[in-house]
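Quick note on labels: first sequence line is chain A, next is B, and so on, each numbered from 1.
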2 protein chains.
Amino acid sequence: MSKLKPNANHKAKDLNLEDIAREAGVSRATVSRVINNEAYVSEETRQRVQEVIEKLGYTPNIRGRILATGRTNIIGVVIPQSLATVFDDQFYFPTLLNGVAQAANQRNYAMLLWIQESSTDEERFYERILKNHLMDGVLLASTQQDNPFIPRLLDMGIPLAMVEHPHQWADRVNFVTVDNQAAACVATKHLYQQGRRKIGHITGALNNIDGIKRLEGYKQALAELGIPYRDEFVFEGNFESRSGYKGMRALLEAHVDAVFCANDQMAVGALKALDELGVRVPGDIAIVGFDDLPTSERNKLTTIHQPIHTKGAQVTHLLLDQIEGVSDGARHALLETHLVIRETCGASITRRA
Amino acid sequence: MSKLKPNANHKAKDLNLEDIAREAGVSRATVSRVINNEAYVSEETRQRVQEVIEKLGYTPNIRGRILATGRTNIIGVVIPQSLATVFDDQFYFPTLLNGVAQAANQRNYAMLLWIQESSTDEERFYERILKNHLMDGVLLASTQQDNPFIPRLLDMGIPLAMVEHPHQWADRVNFVTVDNQAAACVATKHLYQQGRRKIGHITGALNNIDGIKRLEGYKQALAELGIPYRDEFVFEGNFESRSGYKGMRALLEAHVDAVFCANDQMAVGALKALDELGVRVPGDIAIVGFDDLPTSERNKLTTIHQPIHTKGAQVTHLLLDQIEGVSDGARHALLETHLVIRETCGASITRRA
DNA sequence: TTTCAAAATGGTAACGTTTTCATCATAATC
DNA sequence: GATTATGATGAAAACGTTACCATTTTGAAA
């Protein structure tokens with residue numbers, strides 16, 4: 001492209017190591033040692049250098065350090081989901097980012113957020129950022145089945161962590177996730193405990209690991225309860241509210257008396273359908289969701305709560321551990337969920353499961 | 001190259017300018033010129049160098065470049081709001097960030113997201129990131145009245161842009177905002193046009209410029225319509241749903257027949273209160289909100305739509321223009337809003353204002 | 001031919017750290 | 001007193017670019 005005009009801002013030249021060294025009567029190396037708290041500096045010298053640093057208000061230039069050390073103290077957070085997805089669940093990402101931010105701040109890292117808005121962004125990301133080692137590691141927030149980044153990142157030896165189960169790469173990347181299957185099983189069994197026997201399920205997108213696992217949890221529960229699985233009791237949704245609405249209308253035809261929805265958004269859609277048709281909840285139909293969105297409390301929705309903020313913080317710690325050489329990059333954690341009982345399932349007390 | 005052990009983090013030393021120069025039989029300087037598309041390179045040489053670059057798969061090391069140029073192509077996005085706020089409005093920030101990302105990607109910048117989770121983060125941000133010139137500019141997403149960052153950033157000569165009106169600094173920083181007052185005025189007048197004469201207002205937080213401006217717009221409308229301002233028709237809220245709920249109950253005592261809520265979240269709270277008390281909407285009370293959240297369509301809420309995504313993109317362009325020396329850093333834009341008419345205000349058609 | 005500006009290129013100095021290596025003191029051990 | 005460790009320090013070499021300046025080549029005008 002064209003070359004840029006130099007920035008007109010006249011910046012007072014910053015202090016550098018040399019200045020401090022001169023003022024304190026030592027060498028650059030010694031000042032560097034003081035700053036990085038290394039050994040082999042006499043207490044006396046350390047003190048003197050420290051004083052000069054404070055007197056002159058010096059802070060090390062991060063750019064020089066980056067070049068010398070090869071580390072930036074920046075982690076990349078990649079959100080490859082389509083715009084629509086980011087829009088759709090307005091709770092998940094901000095919360096996750098807050099968790100990541102907390103852990104990153106705490107350990108003195110900054111986060112480079114990479115929201116992929118167009119398909120060209122993807123290649124650009126790879127070329128521009130990764131190959132140049134601008135980030136010490138990458139946090140991948142993707143639930144796509146086959147994310148092309150994973151093998152590329154692994155090949156390049158860049159530390160990687162995910163907030164979902166990484167499919168076939170599970171033994172090579174860090175990840176934190178919740179036990180979707182177990183949680184779905186709990187949710188389904190809870191409906192059974194409330195006396196329901198015709199329990200339907202509106203699934204999430206089934207190219208998504210969460211969607212798949214929740215469906216499996218539903219099936220597992222049925223199996224363990226000795227209830228035969230019936231195809232007409234399962235509607236394939238896609239996590240969006242609208243599909244919950246459609247799914248509910250379909251399942252009503254099949255005469256279910258309870259529905260486990262793979263997320264709260266679809267549960268809201270389902271509730272809307274029931275409301276329109278004058279079906280009583282939980283009188284005629286009991287509903288359980290998944291996620292525990294903030295709005296779910298208002299909607300009195302029984303649902304599975306998952307600790308998203310914690311998830312963000314924890315996955316960040318895993319990543320940083322690998323970056324800092326504490327771990328070798330294949331650790332993972334399974335976070336606990338719990339059932340939050342509200343009015344839509346017909347139970348009357350709140351307890352944890 | 002050969003990477004037999006997956007976890008042996010042995011990175012094959014990257015190529016550098018020197019390698020390319022040697023292979024192409026030219027100097028480092030020439031290769032640099034080719035890469036940066038500068039003049040004074042013969043077509044023949046350019047070609048040859050280009051070929052070598054492609055053959056060897058070289059990409060310039062961004063860290064060396066950063067040190068040499070003093071520019072990182074990173075902008076900082078600072079969100080100083082408390083955690084609660086980020087949580088509360090789950091639409092605004094993600095949408096804004098998407099807009100920022102779009103513009104930044106387009107112009108080859110990356111965004112460093114800085115969510116301030118604790119008060120110590122603030123000072124750390126200043127010390128660690130700014131003083132070291134890790135970011136070429138800063139996008140401040142704050143509506144706080146007195147953000148202590150602004151003068152500091154200005155002092156340091158760091159390009160700055162805001163998504164709200166920057167109060168007393170308006171003539172020194174870039175900003176993009178919507179005309180809150182005009183929009184609030186339109187909203188209020190619309191209620192009047194629907195035949196309402198006892199129009200109340202639930203304000204936003206009044207330490208917030210948006211809250212203030214929207215209240216002013218409400219007052220302006222009354223003045224222009226010749227309706228006396230009545231204190232008991234105004235309830236001071238704080239943008240949260242709960243305060244809308246409380247506000248509505250309070251305004252009912254004052255016998256209003258319409259309420260302009262300073263945001264949609266409070267409007268939802270107000271609707272909930274009305275629903276509980278069996279007050280008909282819009283029969284007895286008409287409601288207008290502000291923001292046009294995605295949920296507002298479902299709630300059939302008449303509201304002011306503001307182009308948040310565009311706002312994010314535009315403010316980013318302003319910032320980058322200053323960074324690249326195209327502007328001097330005191331530009332601003334006022335984005336247009338429009339009234340979206342749905343069922344809660346008693347009008348029957350949708351039009352734009 | 002001479003002259004001269006512009007184009008093309010190379011050499012090398014920044015940029016500001018961290019790291020490595022060598023050199024001294026100094027204290028501990030024999 | 002000789003010999004080691006070891007603690008403290010500095011000089012200089014990376015790190016990989018870009019920016020500046022000097023030099024050579026080229027092509028056209030005088």
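- Nucleotide D:dT17 holds its C1' atom 8 Å from the CG atom of B:N61, rounded to whole Å.
- B:E38 has its CD atom 12 Å from the C1' atom of D:dC20, to the nearest Å.
- Residue B:Y58 has its side chain nearest to D:dT17 when only C:dG16, D:dT17, D:dA19 are considered.
- Atoms CZ (B:R22) and C1' (C:dG10) sit 16 Å apart, rounded to a whole Å.
- With respect to the salt-bridge test (charged N to carboxylate O, under 4.0 angstrom), the residues A:D155 and A:R152 do not qualify.
- Across the interface with DNA chain D, nearest-nucleotide mapping of B:G64 and B:A29 shows B:G64 to be the residue nearer the 5′ end.
- Comparing C:dT18, D:dT18, C:dG11 against the side chain of B:L17 picks out D:dT18 as the nearest.
- Distance B:I62 CD1 to C:dC15 C1': 16 Å, rounded to the nearest Å.
- Across the protein-nucleic acid pair, B:I20 atom CD1 and D:dT18 atom P stand 13 Å apart, rounded to whole Å.
- Checking the phosphate oxygens (OP1, OP2) of D:dT18, a side-chain nitrogen or oxygen of B:N36 falls inside 4.0 Å.
- Going from atom CD1 of A:I66 over to atom C1' of C:dT18 covers 13 Å, rounded to whole Å.
- Residues B:D14 and A:H133 share a closest heavy-atom pair of OD2-NE2, 2.8 Å.
- Closest of all the heavy-atom pairs between A:I150 and A:M162 is CD1-SD, 3.7 Å.
- Contacts of A:Q314 classified as side-chain contact (heavy atoms from CB on, under 4.5 Å), with partners at least two apart in sequence or in another chain: A:V176, A:T310, A:A333, A:L335.
- Here the CG-CZ distance, from B:L154 to B:R172, works out to 4.5 Å after rounding to the nearest 0.5 Å.
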Expected rows: protein N/O vs nucleotides 4-9 of chain D N/O, under 3.5 Å:
residue	atom	partner	partner atom	Å
D:dG7	OP2	A:Y40	OH	3.3
D:dT9	OP1	A:T45	OG1	2.7
D:dT9	OP2	A:S42	N	2.9
D:dT9	OP2	A:S42	OG	3.4
D:dT9	OP2	A:T45	OG1	3.2

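- For the pair A:S32 and C:dT18, the criterion of a side-chain N or O lying under 4.0 Å from OP1 or OP2 is met.
- Applying side-chain contact (heavy atoms from CB on, under 4.5 Å) to A:L17 and the options A:N61, A:V31, A:T30 leaves one that passes, A:V31.
- A straight line from CZ of B:R28 to C1' of C:dT12 spans 8 Å, rounded to a whole angstrom.
- Rounded to whole Å, atom P of C:dT19 lies 10 Å from atom CZ of A:R71.
- A:R65 comes within contact range of the sugar-phosphate backbone alone, with a heavy-atom separation under 4.0 Å but no base atom that close.
- Partners of B:A103 according to the side-chain contact (heavy atoms from CB on, under 4.5 Å) rule, which considers only residues two or more places apart in sequence or in another chain, are B:A313, B:T316, B:H317.
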